[in-house]
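Report on the following structure.
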2 protein chains.
Amino acid sequence: MVTLAEVAQHAGVSASTVSYVLSGKRSISAGTRERVEQSIQLLGYHPNAGARALASNRSNIIALMIPLRTDMYVPVMMEIAIAVTTSARAHGYDVLLLTGEEGPDAVRRVTGSGLADAMILMDVELDDGRLPLLRDTTQPSVLIGLPADTSGLTCVDLDFGATGALCAEHLAMLGHRDIAVIGEAPAVYERHTGFAERTLDGLRSRSRELGLRVLHRPCEGGFDAMSLTLARVFDERPGTTGFVVQNESAVEPLLALLRRQGRAVPEDVSVIAICPDQVAVQASVRLTSVAIPAQEMGRGAVEHLIAKLEGRGTDDVVLIAPELTVRASTGPAPAAP
Amino acid sequence: MVTLAEVAQHAGVSASTVSYVLSGKRSISAGTRERVEQSIQLLGYHPNAGARALASNRSNIIALMIPLRTDMYVPVMMEIAIAVTTSARAHGYDVLLLTGEEGPDAVRRVTGSGLADAMILMDVELDDGRLPLLRDTTQPSVLIGLPADTSGLTCVDLDFGATGALCAEHLAMLGHRDIAVIGEAPAVYERHTGFAERTLDGLRSRSRELGLRVLHRPCEGGFDAMSLTLARVFDERPGTTGFVVQNESAVEPLLALLRRQGRAVPEDVSVIAICPDQVAVQASVRLTSVAIPAQEMGRGAVEHLIAKLEGRGTDDVVLIAPELTVRASTGPAPAAP
DNA sequence: ATAGGTTGTCGAAGCGCTTCGACTCCGTCC
DNA sequence: GGACGGAGTCGAAGCGCTTCGACAACCTAT
């Protein structure tokens, strides 16, 4: 392994000079800088991460806690993780991957050991056990998601309330009166993961204003669960003509079942999905959808974190405005029979 | 931040003693050990990662390179990443997430800086630019995937050749004679990611032995692409009664299209998918499938890596035997018309 | 011409840990 | 009873880097 000292010797300068060339924290004459840079190239020098972390008290690592469960939004999670990693690299940071498995202990371990300079938490619950620890530590952090109490925290998330409202507006505008929300798996609600409730709240309150009747049913993904759920929906509200689907893995089953029942989309029934654009365009009907901006969320989280690391940061809640894209799965409500 | 020295002082011993309590590398009397452990608890001590890495020359971090692209198998990738992280933690290692973005440079950076003790590479191409670097370094590594030349490398992967053969056998046994393979997106083949070709080779050679006729068509996921592909298949081979689908995002479109054409699954047409079990059971028909054992692959990779880190490891290629689960999407070939 | 500021470089201290050799006890064995 | 060896502990060196203060050299403004 090549060390700083070896580079310094090769370039005929002191170790500290090489260090300053690398960090740019003091001015260095052009000639010296060039010589040092050449030596670095020539010897193939890479600063030792451990030594650097020890001396500077910064590891240049961001910890990313992803959920262990795979009961929801897997592609979204993946996309966020990749966006976080890519943006972090662009700022000179690496990403340490943590699963929820260790729970709050992971936070303690990482902050205590100086393994990472900062954290990004995904899959935040309304009353998350990790939050008190985050508030206690001086280590910057950003949540992707929205807990009940956001005081002293920085959060980035899609504005799910507005998302719900947007869905209601679109369906109301098309003349629908009875709509059904196919929600996430019951486990997601039990876990109090906020976003599902927020969507529903937004949708319900806007629906009230617009005179829509809303029926909400949680639903595990998959064909069988969807089949049961759908039967119950039409049983209870035969006049339902609009669907809002929040659970990605319920989308395709729903479309298949509607088809099988002879209900045409969008002539008889309109469907809006809350999902990544890719899913919306790949479905068997091109879906009108509100996109989940995974990239933007990941990038936003990193940028806020970097700002905080550089002391420019502020605690705030950034809600990304939802965008509804009209495609082929929504249309005017059918004339009443 | 609490340091070793503070713990030592609190427990009334020297710093080295505390270190030995922590590492167990020298014997410590029960009494001393207990006192030290109590002090650690009481003070909430966590060893500083940087200092430890510097002094011991090991970071206890494994780097995991995941593909940047999301054109294939996203859930599988995610599941592998989670399995890797979980198993690594069980062995006392953390996981650093790298995207393919940096390419070979990432390998250089990580090995050069001592950021990680070892690497796991996913999405390995047949002639991957990172492989020469891996062969050159002393740092242990494991590939998930199979390059063209495996000499000096350790690889873990599903035996895709056997997977293809298994699909052929199952369909042949059921009396099918004309089968179609719906492959990955063309981009996957252009990238030479091995597994797609291996599946096809295995399937073709077994088919030859069994007298099956095979038509292979790459296919982007999604409804529109699948629609085109399917039309061409039946155009060219009207007697096709068996499908093997390798592209996850083509499964549901295929089923929908067959239904629309009035071809019943499994009465008229049999479908085998190569996909995670979860996808197979959640589809609109419970799919006969060969599972992609993501968990097992992730865990296997970590275990091999740990073995190498401890000096017990050997370079070898571990191919996981495929398992075919019969569900509701395959049945006897229909009698010839 | 001289005081004062800038610029570029160096030496040394130290970050918190691991590890090696050395030392002290104490029990064992001839 | 003295040599021997193992168990338990300590002190010190050093891992490779950053950073602070010091200093020489030079430039400018009075």
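Chain letters run A, B, ... following the sequence lines, proteins first and then strands; every chain starts at 1.
Once rounded to the nearest 0.5 Å, the distance linking CG of B/L126 with CG of B/L131 reads 10.0 Å. Distance CD1/A/I120 to CD1/A/I144: 5.5 Å, rounded to 0.5 Å. Annotation: the span from A/R52 atom CZ to B/S113 atom OG amounts to 9.0 Å, rounded to 0.5 Å.
Minimum atom distance to the side chain of A/T32 is reached by C/dT9, of the listed D/dT19, D/dC17, C/dT9. Each of C/dT18, D/dG16, D/dT9 was ranked by its minimum atom distance to the side chain of B/L54; first place goes to D/dG16. For A/P47, the side-chain atoms get nearest to D/dC17 when compared with the rest of C/dT18, D/dC17, C/dG16. Comparing C/dT19, C/dC17, D/dG16 against the side chain of B/A51 picks out C/dC17 as the nearest.
Residue A/K25 places at least one side-chain N or O closer than 4.0 Å to OP1 or OP2 of D/dT19. Side-chain nitrogen and oxygen atoms of B/S29 include none within less than 4.0 Å of the OP1 or OP2 phosphate oxygen of D/dG8. Of the side-chain N and O atoms in A/S27, one or more sit less than 4.0 angstrom from OP1 or OP2 of C/dG8. One finds no side-chain N or O of B/S56 lying less than 4.0 angstrom from the OP1 or OP2 phosphate oxygen of C/dT18. Under 4.0 angstrom from either OP1 or OP2 of D/dG16 there lies no side-chain N or O belonging to A/R52.
The distance from atom CG of A/L22 to atom C1' of D/dT19 is 14 Å, rounded to the nearest whole Å. Per the geometry, NE2 belonging to A/H46 stands 12 Å off P belonging to D/dC17, to the nearest Å. When the C1' atom of C/dT19 is taken as reference, atom CG of B/N57 falls 13 Å away, rounded to whole Å. Straight-line distance from the CZ atom of B/R58 to the P atom of C/dT19: 9 Å, rounded to whole Å. With rounding to whole Å, A/N48 atom CG is found 7 Å from D/dG16 atom P. When the C1' atom of C/dG16 is taken as reference, atom CD of B/E6 falls 11 Å away, rounded to whole Å. As a whole-Å value, the separation of A/M1 CE from D/dC17 C1' is 11 Å.
In the interface, the side chain of B/R26 is paired with the base of D/dT9 through a donor and an acceptor atom under 3.5 Å apart. With hydrogens and angles ignored, no donor-acceptor pair under 3.5 angstrom links the side chain of B/Y20 to the base of C/dC17.
Counting any heavy atom pair closer than 4.0 Å across all strands shown, B/S19 reaches a base atom. If you check every strand for non-hydrogen atoms under 4.0 Å, B/L4 touches a base. Nucleic acid contact for A/T3: sugar-phosphate only, since backbone atoms but no base atoms lie under 4.0 Å from a heavy atom of the residue. Using a 4.0 Å heavy-atom distance criterion, A/I28 is classed as a sugar-phosphate-only contact.
Residue-to-nucleotide proximity on DNA chain D shows that, of B/G31 and A/T17, the 5′-proximal contact is made by B/G31. In this structure, A/S16 and B/V13 both approach DNA chain D, and ranking their closest nucleotides by distance from the 5' end singles out B/V13.
Between B/D149 and B/R135, at least one side-chain N (NZ, or NE/NH1/NH2) sits under 4.0 Å from a carboxylate O, which counts as a salt bridge.
When only modelled atom types and interatomic distance are considered, A/S16 and A/S19 share no side-chain donor-acceptor pair under 3.5 Å. At a cut-off of 3.5 Å, with distance as the only test, no side-chain donor of B/R33 or B/Y20 sits close to an acceptor on the other residue.
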